[in-house]
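For reference, positions follow the sequence shown, starting with 1. Counting starts at 1 for both ligands and their atoms, in listed order. Below, each value reflects all heavy atoms present in this structure, side chains not excepted, and no hydrogens, waters or symmetry copies.
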Amino acid sequence: MKKKIAILGSTGSIGTQALDVIRTHADKFEAYILTAGSNADLLIKQAREFMPDAVVIAAEDKYQYVSDALTDLPIKVYTGEQALCDVCQCAEVDMVLTAMVGFAGLRPTVSALRARKPIALANKETLVVAGEYIMAEAMKHKVPILPVDSEHSAIFQSLVGDDVNTIEKILLTASGGPFRNFTPEQLSAVTPADALKHPNWSMGDKITIDSATMMNKGFEMIEACHLFGVKPEQVEVVVHPESIVHSAVQFEDGAVKAQLGVPDMKLPIQYAFSFPQRLAMQDNRLDLFKLQSLHFYPADMHRFPCLDFSYKAIAQGGNMPCIMNAANEVVNLAFRRGEIAFPRIAEIISETMQRATFSNSAELEIYFDSDREARRIATELVNR
Ligand code: NAD
Ligand code: MG
């Protein structure tokens with residue numbers, strides 16, 4: 001029996017690598033549902049190769065185009081936000097990979113959890129925004145959430161067989177991004193093109209900018225707290241420019257377990273698909289003799305205030321991480337479009353966190369309201 005996987009965001013960086021994994025292990029996995037935001041041509045190409053039961057193109061103006069291109073095949077074609085939620089609940093689906101970007105992943109993830117579909121979670125924004133709510137839903141419906149983020153996969157792998165033991169702390173590694181050693185003057189002059197050149201990983205544009213600001217590491221700290229039930233002060237960010245140690249767990253007896261490997265997202269994706277089994281993988285071997293040395297440094301919260309905001313947001317709790325995420329989505333895009341300078345990213349997020357309405361309740365509808373309000377405020381600040 002093949003595992004039937006629904007891939008939300010199949011045309012993105014994670015989505016296409018997930019399809020590589022499925023192509024390699026076609027005897028074990030099947031791409032049962034494919035969905036994309038607006039990249040119709042790639043979705044059509046993927047559909048013709050993988051022959052899923054259904055595809056969803058979120059952008060409604062592309063529906064006719066996709067539908068016409070697949071008329072000769074028995075593939076259902078849907079469009080719109082609701083369809084993304086509906087396909088996750090399809091009876092045949094065995095697992096949902098959330099590989100879409102941003103807050104848009106929240107509703108489909110909730111929908112999948114309610115249908116008791118195991119989640120392979122790449123869409124970290126969902127846990128940042130609504131971690132408490134999501135973990136409670138997963139618990140209530142007894143659904144596993146398997147991390148795809150490389151750091152969280154490393155932590156998860158380090159915990160296998162040790163999950164009954166108390167975690168003293170998590171060592172969350174970070175490459176430090178392309179501006180690790182930049183001065184404030186240098187940072188004020190960086191361009192989107194500079195920020196999009198990540199030293200070790202090739203990823204989607206949004207997360208690549210989040211890596212340059214280290215907002216990504218802040219998000220991952222919050223993600224780790226929810227996934228592994230630790231407190232923020234138990235998560236130590238360790239800048240490790242080589243991206244070989246993907247993260248580690250320190251136990252009560254001082255033992256530290258880590259997972260190492262070359263930077264390649266296919267391994268965490270495949271592990272989430274095949275857990276608890278490991279499947280063969282080619283061309284990703286670590287050569288310690290070639291590497292010779294690995295380096296570790298503390299994170300600089302002054303240079304990268306977004307990391308600090310994440311600790312503040314989770315300490316405040318309620319909808320504050322949601323506000324921070326919404327502001328970040330606005331400024332991340334504005335920076336990529338050349339509308340604001342790099343230091344404005346942190347300034348606008350900080351100001352939005354101060355101005356948006358705080359709420360302490362962990363309710364889904366609050367998150368939707370807060371997301372809207374924070375986007376409005378951040379957009380105003382971008383345009384000022
Ligand atoms: P990406 O931009 O390359 O791809 C995003 C995918 O989501 C595309 O298929 C796009 O069509 C779809 N999408 C975008 N907006 C949508 C919307 N409103 N509705 C429906 N679909 C939409 O992004 P990515 O780099 O693959 O990242 C995906 C997620 O995985 C993010 O949450 C990111 O933080 C996380 N992640 C990525 C990596 C990586 O290596 N790329 C690593 C760890 C975690
Ligand atoms: Mg990561």
Side-chain angles (χ1 to χ4, degrees), residues 6-20 31 33-47 55-60 62 66 78-85 87-88 97-109 111 119-129 146-156 170 172-177 196 198 200-211 214-224 227 237 240 243 245-247 259 263-269 272 325 328-329 332-333 336 371:
I7 304 182
L8 306 182
S10 64
T11 57
S13 161
I14 293 288
T16 51
Q17 294 180 85
L19 287 173
D20 289 343
I33 308 274
L34 299 177
T35 86
S38 60
N39 191 343
D41 288 318
L42 184 53
L43 183 65
I44 292 163
K45 187 163 169 262
Q46 292 176 340
V55 299
V56 181
I57 180 85
E60 297 185 11
K62 301 267 174 76
V66 176
Y78 304 111
T79 187
E81 226 191 294
Q82 187 55 44
L84 288 174
C85 296
V87 291
C88 293
L97 169 65
T98 64
M100 55 208 284
V101 66
F103 183 85
L106 178 55
R107 268 204 213 281
T109 307
S111 171
I119 307 281
L121 186 136
N123 178 250
K124 67 188 86 186
E125 293 92 341
T126 285
L127 280 186
V128 170
V129 168
L146 295 125
V148 168
D149 214 344
S150 57
E151 295 78 1
H152 305 75
S153 177
I155 296 161
F156 182 73
I170 284 175
L172 184 70
T173 51
S175 71
L196 286 170
H198 194 280
N200 305 334
W201 297 95
S202 160
M203 310 180 284
D205 288 353
K206 194 256 179 186
I207 185 175
T208 306
I209 300 298
D210 286 345
S211 301
M214 289 197 78
M215 178 51 92
N216 182 53
K217 211 46 60 178
F219 284 171
E220 291 184 352
M221 178 274 292
I222 297 177
E223 187 184 8
L227 283 173
V237 175
H240 166 44
S243 298
V245 178
H246 295 309
S247 280
Q259 184 251 328
D264 184 347
M265 286 308 295
K266 284 211 273 290
L267 174 64
I269 295 168
N325 175 72
N328 181 61
E329 288 194 28
N332 181 305
L333 185 62
R336 275 183 275 154
D371 178 74

Mind checking what residues have non-hydrogen atoms under 4.0 angstrom from ligand 1?
Gly9, Ser10, Thr11, Gly12, Ser13, Ile14, Ala36, Gly37, Ala58, Leu84, Ala99, Met100, Val101, Ala104, Ala122, Asn123, Lys124, Glu125, Asp149, Met203, Gly204, Ile207, Met265
Considering only heavy atoms from C-beta outward, does the side chain of Ile170 approach that of Glu151 to under 4.5 Å?
no
With a 4.5 Å cut-off on side-chain heavy atoms, are Met203 and Met265 touching?
no
If waters are left out, how many protein N/O/S atoms lie within less than 2.8 Å of the Mg ion (ligand 2)?
3
So, the side chain of Asp149 versus the backbone of His152: is there a donor-acceptor pair under 3.5 Å, distance only?
no
CG/Asp371 to CG/Asn325 distance, rounded to the nearest 0.5 angstrom?
7.0 Å
Non-hydrogen side-chain atoms of Leu8 and Cys88 separated by less than 4.5 Å
yes
With side-chain contact (heavy atoms from CB on, under 4.5 Å) as the test, would you mind laying out the steps for Ser153 and His246 before giving the verdict?
CA-CA 8 Å; Ser153 177; His246 295 309; over 6 Å; no
Any side-chain donor near an acceptor of the partner, Ser243 and Asn200, under 3.5 Å:
yes
4.5 Å side-chain heavy-atom contact, Ile155 and Leu227
no
May I ask you to say whether Lys206 pairs ionically with Glu125, meaning some side-chain N is under 4.0 Å from a carboxylate O?
yes
